[in-house]
Amino acid sequence: MQDYDVTSHSQISSDGTLAALILLSALKGADLQLLPSSFRAMEHEMGLRPHMLGLMALCQGVACAVTGPIWGSLVDSGASRKLLLKAGTGLWGLCTLQLAFTSEVWEMMLLRVFN
């Protein structure tokens, strides 16, 4: 009978989750910087005023600050980290995709809150 080392399988699974988390964190950082770097283009192409663009960035920052402890509490209370990571990533992708088809400021702000 073949020996099966449970710890090595667990280590591989943990390494994959860690790699996915690192990759997603890098993408999230790029996403957060994408809005401020495109302010001038949005101002010119969409006719948005600087205060509206700043408000859009503020909405996203406040939403991250408010929901961070909620996500942390979910993980600490025993919710599946992989499930939360998959659900959060999927919803983030849908919000980002929807942002590509939005031209109204209030829709962009709402999507930035969920993003």
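Between K28 and L24, every side-chain heavy-atom pair lies at or beyond the 4.5 Å cut-off.
T89 places no side-chain N or O within donor-acceptor distance of the main-chain N or O of K86, the cut-off being under 3.5 Å.
Once rounded to the nearest 0.5 Å, the distance linking CG of L23 with CG of L18 reads 11.5 Å. Within the model, atoms CE of M56 and CG of L99 stand 8.5 Å from one another, a figure rounded to the nearest 0.5 Å. Going from atom OG of S38 over to atom CE of M46 covers 9.5 Å, rounded to the nearest 0.5 Å. The line from OG of S80 to CG of L74 is 11.0 Å long, rounded to the nearest 0.5 Å. Interatomic distance, L34 CG to F39 CZ, rounded to the nearest 0.5 Å: 10.5 Å. Note that the CG atom of L111 and the CD atom of E104 stand 12.0 Å from one another [nearest 0.5 Å].
Taken together through direct or relayed side-chain contacts under 4.5 Å among Ile, Leu, Val, Met, Phe, Trp and Tyr, L91 and F114 form parts of separate hydrophobic clusters. By the criterion of side-chain heavy atoms lying less than 4.5 angstrom apart, applied directly or through intervening Ile, Leu, Val, Met, Phe, Trp or Tyr residues, L55 is grouped together with V66 in one hydrophobic cluster. Cluster membership for V62 and M108, using ILVMFWY side-chain heavy atoms within less than 4.5 angstrom, is shared. In this structure, V75 is not a member of the same hydrophobic cluster as L85, with clusters built from ILVMFWY side-chain heavy atoms closer than 4.5 Å.
Under the salt bridge (charged side-chain N to carboxylate O under 4.0 Å, His left out) criterion, E107 pairs with no residue at all, not counting sequence neighbours.
Applying the side-chain hydrogen bond (donor to acceptor under 3.5 Å, both in side chains) test to every pair with at least one member in residues 55-76, sequence neighbours left out, gives these pairs: Q60-R112.
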From CA spacing to verdict: side chain to side chain contact (heavy atoms under 4.5 Å, CB included), L27, W92: CA-CA 11 Å; L27 286 172; W92 172 38; 3.5 Å; yes

